[in-house]
Visitor: 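The structure follows.
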Amino acid sequence: MAIPNHKVSNGGVSQKVLTLETMNSNIKKVEYAVRGPIVVRAGAIRKELEQGVKKPFTEVISANIGDAHAMGQAPITFLRQVVALCVYPELLKSTEFPDDAKQRARRILGGCGGGSIDTGAYSASQGVELIRNDVANYIEHRDGGLKADPNDIFLCTGASDGVVAMLKLLVSGEGKNRTGAMIPIPQYPLYSATLAELNSTMVPYYLDEDNNWSLDTAELQRALDEGKGACQPRVLCVINPGNPTGQVLSRQNVEEIIKFAKKNNLFLMADEVYQDNVYAEGCAFHSFKKVLHDLGPEYNTSVELASFHSISKGYMGECGFRGGYMETVNLDPKVKEQLRKLVSCRLCPPVTGQAALDIVVNPPKPGEPSYEQFTKEKNNVLGTLAEKAKLTANMFNSIPGVSCNTVQGAMYSFPRITIPDKAIEAAKAKGQTPDDFYAHQLLEETGICVVPGSGFGQRPGTYHFRMTILPPTEKMKSLFVLFRDFHKRFTDQYT
Amino acid sequence: MAATLFQPCLSRSRAIGFLMAIPNHKVSNGGVAQKVLTLETMNSNIKKVEYAVRGPIVVRAGAIRKELEQGVKKPFTEVISANIGDAHAMGQAPITFLRQVVALCVYPELLKSNEFPDDAKQRAQRILGGCGGGSIGAYSASQGVELIRNDVADYIEHRDGGLKADPNDIFLCTGASDGVVAMLKLLVSGEGKNRTGAMIPIPQYPLYSATLAELNSTMVPYYLDEDNNWSLDSAELQRALDEGRGVCQPRVLCVINPGNPTGQVLSRQNVEEIIKFAKKNNLFLMADEVYQDNVYAEGCAFYSFKKVLHDLGPEYNTSVELASFHSISKGYMGECGFRGGYMETVNLDPKVKEQLRKLVSCRLCPPVTGQAALDIVVNPPKPGEPSYEQFNEEKNNVLGTLAEKAKLTADMFNSIPGVTCNTVQGAMYSFPRITIPDKAIEAAKAKGQTPDDFYAHQLLEETGICVVPGSGFGQRPGTYHFRMTILPPTEKMKSLFVLFRDFHKRFTDQYT
């Protein structure tokens, strides 16, 4: 590397310019298990099945990714109607659409005061103003009237895009002063992947499996103290409801986290994309912004917060549209300018996703023609998810050697599995983590694709996997039978 | 302790050093705690990022637009956004067939409707068949829906006279920008003098400079030759490279063809020279070809880097590493808001390709609506199909109008004393050169602006026309330009030129 343009001869074949050795070393450290090697293998198996290769099963079940539509969940009719009208405004003349859908589309296309928009034109980089206004109204309504400023709202290409933008801003410094970010273990691996790419240090804090994956301030403190030696922790990332763990933080938990962030000068990132996915009795979503506000002036004008929401989850499951937003609270105005500048380089988030988001934050109201159907569809999706959340935990807990916390929210179960020592050795021999080894064998024997717990992080010596609660109920039931039988076979095989 | 940090004798960087060295030290400022995230603590690379296409002048144009809405009196009645290559925003109509197919994908109930032609329905069903659960709301494969990648491969083969394209080398992306950024991320490595440098044309589309700044990589600028229709000169490439080698390790050569902002369409010979130069100097070639459908001038034609590379034979075509980019934002479709595009890699190291796949997987997938729109662009109606005639008419209409306006633009700019403009051979912009009087240059300096920034701001304030100053793209020192799009409707462009001509005269007189 020290000799510019030095070419290493390799039997006469020149070295490529871009190789594993010359590429960005940070990227090599990036891992994203949700679409990692096991998912690639699942895809290959699916192709084999298509080509008629005989397997112990007839289909691959992708229980690895929080993609509701891929698992058969139907889109919300009204949302698709409005977006279709925006994409092809000729349909505004059609008799096949209800008036309220047309009105919404006209409103989005008309852009109230911002000039008309076309889904084919770039929008403002921060997102269509009218839609940001609607997002602000949504947040106000959600937070019991607490005002939201559209200028603090940034529409993004899925929540991931917003998370990455904020982390980019936050990561600075060199060596021991380089930004570290506290992330939950287990976590959604966008965080670890982005921190690796940015050459920032993860400061992991364990969620408490024995207490429904709750957050313990003492653990936050332990993690922070440990992190301070290696980096400068500046960020505290929280996922609520949790992914992969599904826990819904109590209000008290949220308060404790905010106080901890203030005390330790941490920028709070609240990933709240599952805010509509709360199932368990006694659980409720408490928005970080609202709780922060309620903590009073000692906190609410100083704690810096970015919260994220998405159209990929909830009851709409519109993953493919890539829509979402983030709201900043108490962000330094000069930093906000930098953020605006940063997002301007990518021009704008997809306008079809922005339009879809508008329906999510501004759904049909009582009395409107589409209200009944909308509400029915929404309740149907959420009710079904709640059933499957309960079914999942019950079924896993009925299997010896498997335990699973209540799936309080989100879209996943994260059961803990006992792996016999012989299997652990076999895994080691193959260069795999034990849960990786387990999950691969599960896939090869049953066609069920889950993501090994090591992809999210877990306490050493414990093994888990993440499975979604998204396949249809009947399929989930047969899935559990397959799984139960597999787990017994596996345990017997390696005992 | 806190007070001493702000004494004038301490340099600012030392003060920051103090702040940074003490973990969690909070500086009191009259009792107000220092924020965690400030200009001082944030990522310093981001501060160096500039993107003039949506920069300060555009922000000002937006503010003026709001003032007009509120009834504030101005010397003009509307702001004309000639700053950004957004055809629809300037009134260009979408391609009907494309919108029909995407609408059908979004709301498949419409497949039962008699309001859509059969070929549109067929296309939509085919696309939906490639989507998870048959829904455009499912995540696609991270590299893009497979059948769409296959269609892109067919498109490329057809474009390149039968030269095969491998769908596995095709990555759909969230606009071409997304692909450009992904490749640059992979390419930027090393420390200090060994850190990757990237050769970029001057003038360039500032996504490149912005991304390199963000990645803390060095730009190695090579000048396009204004006196020769903005063509590329190998001697200039060599000069730039030699200069760059002292401060970084140049590994990348970025080319934009047709050019942005300059609009030049590289000759086949130019393309060959560039490839040979890249091979000779071990440079990874990045070919931004998003304007490949926007070629207007007689005697000009688009030569794809991949095709020319292939034709150069085995000495080059199995070794030169290339990534080429295309987008649905430009061409005749102008679907900027969908954020769709693709990149094709050629001779990419297979292990690096795995890393690229891993990288794109973290963001799950590009918007599937944009992928669907792309499918129509690469797989348009064929002769004999119900929608073919209308599609063709619309496409030719758009391209014909753009060609007219390209010519009109250069002619009109060249008719104004103190303004010259190269032929707009392709793309969507003119990049005229303006003479700025010395007094104006001084006035600009006094205001802390570049002369063309000063000029463009005054143009905006007096006429409502928003262009991007040449300094946002780069230009030879001592020369001044601005980039204006050719996108407003023809009649509007004509009145725009009258306004501009009068402004330029006024400006010149004012500062002479």
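Chain naming here is simple, since letters A, B, ... match the order of the sequence lines and numbering starts at 1 in each. In what follows, every heavy atom counts, from backbone to side chain, and hydrogens, waters and symmetry copies are set aside.
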Visitor: Salt bridge check: are A:E197 and B:K185 linked by an N-O gap of less than 4.0 Å?
Guide: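 Salt bridge present between A:E197 and B:K185.
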
Visitor: If the contact rule is any heavy atom under 4.5 Å from chain B, which residues of residues 333-342 of chain A qualify, in numerical order?
Guide: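 A:K334, A:V335, A:Q338, A:K341, A:L342 fall under the 4.5 Å cut-off.
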
Visitor: Please report the interatomic distance SG(A:C348) to CG(B:D86), rounded to the nearest 0.5 Å.
Guide: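 Here the rounded value is 8.0 Å.
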
Visitor: Does any heavy atom of chain B fall under 4.5 Å from the side chain of A:E304, the backbone, both, or neither of them?
Guide: side chain

Visitor: What part of B:C131 gets closer than 4.5 Å to chain A, counting heavy atoms only: side chain, backbone, both or neither?
Guide: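 Neither the backbone nor the side chain of B:C131 comes within 4.5 Å of chain A.
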
Visitor: Pick one of side chain, backbone, both or neither for B:S361, based on which atoms fall under 4.5 Å of a heavy atom in chain A.
Guide: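 Both backbone and side chain of B:S361 come within 4.5 Å of chain A.
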
Visitor: State, yes or no, whether a side-chain contact exists between B:T38 and A:D332 at a heavy-atom distance under 4.5 Å.
Guide: yes

Visitor: Would a line drawn from the ring center of A:Y88 to the ring center of B:Y107 be shorter than 6.0 Å?
Guide: no

Visitor: Does the side chain of B:N282 come within less than 4.5 Å of A:Q15's, by heavy atoms?
Guide: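 A:Q15 does not reach B:N282 side chain to side chain.
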
Visitor: Using non-hydrogen atoms and a 4.5 Å limit, figure out which bit of B:S329 sits close to chain A: side chain, backbone, both or neither.
Guide: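 Side chain of B:S329 only, per the 4.5 Å heavy-atom cut-off to chain A.
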
Visitor: Please classify the contact between B:L187 and chain A as side chain, backbone, both or neither, with a heavy-atom cut-off of under 4.5 Å.
Guide: both

Visitor: Please flag which part of B:R339 lies under 4.5 Å from any non-hydrogen atom of chain A: side chain, backbone, both or neither.
Guide: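 When you check distances to chain A, only side chain atoms of B:R339 fall under 4.5 Å.
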
Visitor: Tell me, for B:I84 versus chain A, whether the close heavy atoms (under 4.5 Å) come from the side chain, the backbone, both or neither.
Guide: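 B:I84 touches chain A through side-chain heavy atoms alone.
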
Visitor: What part of B:A89 lies closer than 4.5 angstrom to a heavy atom of chain A: side chain, backbone, both or neither?
Guide: both

Visitor: Is the shortest side-chain heavy-atom distance between A:T22 and B:F284 below 4.5 Å?
Guide: no

Visitor: At a 4.5 Å cut-off on heavy atoms, which part of B:Q70 comes close to chain A: side chain, backbone, both, or neither?
Guide: neither

Visitor: A side-chain contact here means heavy atoms from C-beta on lying under 4.5 Å apart; do B:L283 and A:V17 qualify?
Guide: no

Visitor: Output yes when a side-chain donor or acceptor of A:S160 lies under 3.5 Å from a complementary backbone atom of B:R363, and no otherwise.
Guide: no

Visitor: Given that the side chain runs from C-beta out, which part of B:P366 has a heavy atom under 4.5 Å from chain A: side chain, backbone, both or neither?
Guide: backbone

Visitor: With a 4.5 Å heavy-atom cut-off, do B:V49 and A:C345 have their side chains touching?
Guide: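 SC-SC contact between B:V49 and A:C345 confirmed.
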
Visitor: Heavy-atom distances under 4.5 Å only: say whether B:N347 touches chain A with side chain, backbone, both or neither.
Guide: both

Visitor: Let me know if B:V181 has heavy atoms under 4.5 Å from chain A in its side chain, its backbone, both or neither.
Guide: side chain

Visitor: Which bit of B:Q100 comes within less than 4.5 Å of chain A, counting heavy atoms only: side chain, backbone, both or neither?
Guide: both

Visitor: Just wondering, do A:H69 and B:Y139 contact through their side chains at under 4.5 Å, heavy atoms?
Guide: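 With C-beta onward as the side chain, the pair stays apart.
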
Visitor: Just wondering, do A:F321 and B:T369 contact through their side chains at under 4.5 Å, heavy atoms?
Guide: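 Yes, at least one pair of side-chain atoms sits under 4.5 Å.
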
Visitor: Which atoms of B:A141 are under 4.5 Å from chain A, going by heavy atoms: the side chain, the backbone, both sets, or neither?
Guide: backbone

Visitor: Kindly compute the distance separating CG (B:L110) from OG (A:S94), expressed to the nearest 0.5 Å.
Guide: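 Nearest 0.5 Å value for the CG-OG distance: 7.0 Å.
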
